[in-house]
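Just so you know, ligand 1 is whichever comes first in the structure, and atom 1 is the first atom listed for that ligand. Note that the structure is a prediction, hence the values are computed from the model and not measured. All values below were derived from every heavy atom in this structure, side-chain atoms included, with hydrogens, water molecules and symmetry-related copies excluded.
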Amino acid sequence: MTIMRYVRTLSFLLVATTFLCSPRLFADGPLDIAPWMEEEFQAAQMRLVENISPWDGLRGTVIASPSRSNPNYYYHWIRDGALVMKTIFHLSAFGNQNSTANSYFDLVIDFANLSEIHQNSETPGSLGEVKFYVDGTPFTGPWGRPQNDGPALRAITLTALAHKLYYNGSHPDLLVKLYDSQMPTSSIIKRDLEYISEHWRDHDFDLWEEVKAHHFFTRLAQSTALKNGADLAILLDDPFAAQWYHRQATLIDLELEKHWAPSEGSFLAHLDRISGVSYKSGLDASVILALLLNDRKDSKLGIHDDRYQSTVLQLEERFSRIYRINQDTHQMAPAIGRYPEDLYDGTGSSRGNPWFLTTLGFAQYYYRLADALHLQKAIPLTPINRKFWRSLLSDRPELFSLLSSARALERAKDETSFLAVIDELIEKGDQFINRVKKHMDGERSMSEQFDRNNGFMRGARDLSWSYSALIEAALERCYLFRHLGRSCTNSPEPQSSMR
Ligand code: NOJ
Ligand code: NOJ
């Protein structure tokens, strides 16, 4: 470790210890996962920071993993980098303004500057280029390209940053670099939004880099990026662009509707496949990961949509059956993989395994659903979500009977039962966390996957995205607890940009 990195890690460690010594961040649920989670929340941050701005690379670079061979993940993937930096941005706004928050904020600014370098590179995949070496030059070897979720995810992260700069009135030069109303533009966000607007109809490779088709994940990321971008364009005096971006997002949403397969009871991850692997059924955890990116309140495909509940149940049932480790159900929800037919074992092709980031994504889903239903003050039962609720409440049949006889459980009418159902959602989220806890190693590190038969870690070590997923789940749980009026953190309420 170079001196600089050592100093940086040490200072993060110091501040994290202060966090640790302050009263409980994560209040208990029945499983009592909170104390462990609190420590893990800190540990994951330290591990993640280790993977940012490597000594041999440009500032703001996020290596997917430190692993340089078997597999070689020592690159900045546009997708992984943008998702990680979204988490870093969330951390920069979490709790009090303090030096850790500021260090996180600086990392996001480094990332903005790096994004400009990436965008200005000559690449075979245009802005949909997939991954870059840590020195900022593109990887141009054979690969599944373009991957058009990249510009969308990058725009989502940087638009959040731009909103913050605008409201804080800080970094005016950077704000202009991020967004201006020029056409053609050289500003970072607008370039991505223009690219999305022009290319969303194209076939491209999915987030798992295997199928060339139209993808639910990519489309929902594109629609969210355009809507968030349109809000920014309004603020920055670019009303016609805002209209245009909105219009494109609405058109994408119409395409997204086509992914719903009523006979399957799930959204299909891809349609109109033209090349790439051919053995996928379309049931895929990426649909849930896509939803988690979409925190817009105006969206039809948002957290309240009962079709996700049905998709979640399908995925859980399928992964329960195919992974041997899922036979152990004691206080644990099933380990979740990418999709049932997956063959990628982390280094080569044999049989796919469960992944940390998908299992954690499911935990986050349950916390977010609990939060949304609690705010809505009612839990509706529909023909589409009926099985989901029956399964969730299988140990509390009296609650399911109440729900199904009334067709909705309203807080105002029966607060005790309403809150009991919310607690069941929290417990389920905690059970996914408990699953992950079991399969990570004693040093609290998380690789990409864990073995479907024996549960030991597999694939690229210290995967950045795994840590980011843990942090997002922990934050989600914390917002939920705050809204429930249960203790979450000692610090004042987070800033308005936070949910
Ligand atoms: C094959 C995997 O299935 C894919 O998801 C991965 O991105 C590439 N190999 C590169 O590691
Ligand atoms: C393989 C995954 O399929 C892909 O989504 C990811 O971007 C790369 N690994 C790097 O983590």
Look at [atom] and say which protein heavy atom is nearest, naming residue and atom and giving the distance to 0.1 Å.
atom                   : result
atom 4 (C) of ligand 1 : Trp208 O, 3.2 Å
atom 7 (O) of ligand 1 : Glu209 OE1, 2.2 Å
atom 9 (N) of ligand 1 : Tyr344 CE1, 4.0 Å

State the atoms of ligand 2, each with its element, that fall below the 4.0 Å cut-off from a heavy-atom position in [X].
X      : value
Leu207 : 3 (O), 4 (C), 5 (O)
Glu448 : 1 (C), 9 (N)
Tyr73  : 1 (C), 9 (N), 10 (C), 11 (O)

Ring centres of [X] and [Y] under 6.0 Å apart?
X      : Y      : answer
His214 : His203 : yes
His76  : Phe132 : no
Tyr75  : Tyr133 : yes

What I want to find out is whether Glu443 reaches Arg47 closely enough, with some N-O distance under 4.0 Å, to be called a salt bridge. no
Going by the atom numbers of ligand 1, which of them fall below 4.0 Å from some non-hydrogen atom of Trp143?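 Counting from 1, the qualifying ligand atoms are 10 (C).
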So which of Arg321, Arg435, Lys428, Lys387 actually passes salt bridge (charged side-chain N to carboxylate O under 4.0 Å, His left out) with Glu316?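 Checked Arg321, Arg435, Lys428, Lys387 against Glu316; only one passes salt bridge (charged side-chain N to carboxylate O under 4.0 Å, His left out): Lys428.
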Would Glu210 count as being in polar contact with ligand 1, using the rule that some N or O on each side must be under 3.5 angstrom apart?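 It does: an N or O of Glu210 is found under 3.5 Å from an N or O of ligand 1.
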Hey, is Arg338 one of the residues with a heavy atom under 4.0 angstrom from ligand 2?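 Arg338 counts as a contact of ligand 2 under the 4.0 Å cut-off.
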Under a 3.5 Å distance rule, please check whether Tyr344 uses its side chain to pair with a backbone N or O of Gly346 as donor and acceptor.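 Side chain of Tyr344 to backbone of Gly346: a pair is present.
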With heavy atoms only and a cut-off of under 4.0 Å, state how Tyr75 meets ligand 1: side chain, backbone, both or neither.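 For Tyr75, there is no contact with ligand 1 at all, from either part.
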Any donor-acceptor N or O pair under 3.5 Å, side chains Gln147, Glu209: yes
Fit a plane to each ring of Phe267 and Tyr308, take the angle between them on a 0 to 90° scale, and name the class: parallel (under 30°), tilted (30 to 60°) or perpendicular (over 60°). tilted
Would you mind telling me if ligand 2 is within reach of the side chain of Asp80, the backbone, both or neither, using heavy atoms under 4.0 Å?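 The answer is the side chain of Asp80.
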Per atom 2 (C) of ligand 2, closest listed option by heavy atom (Trp465, Trp355, Trp77): Trp355
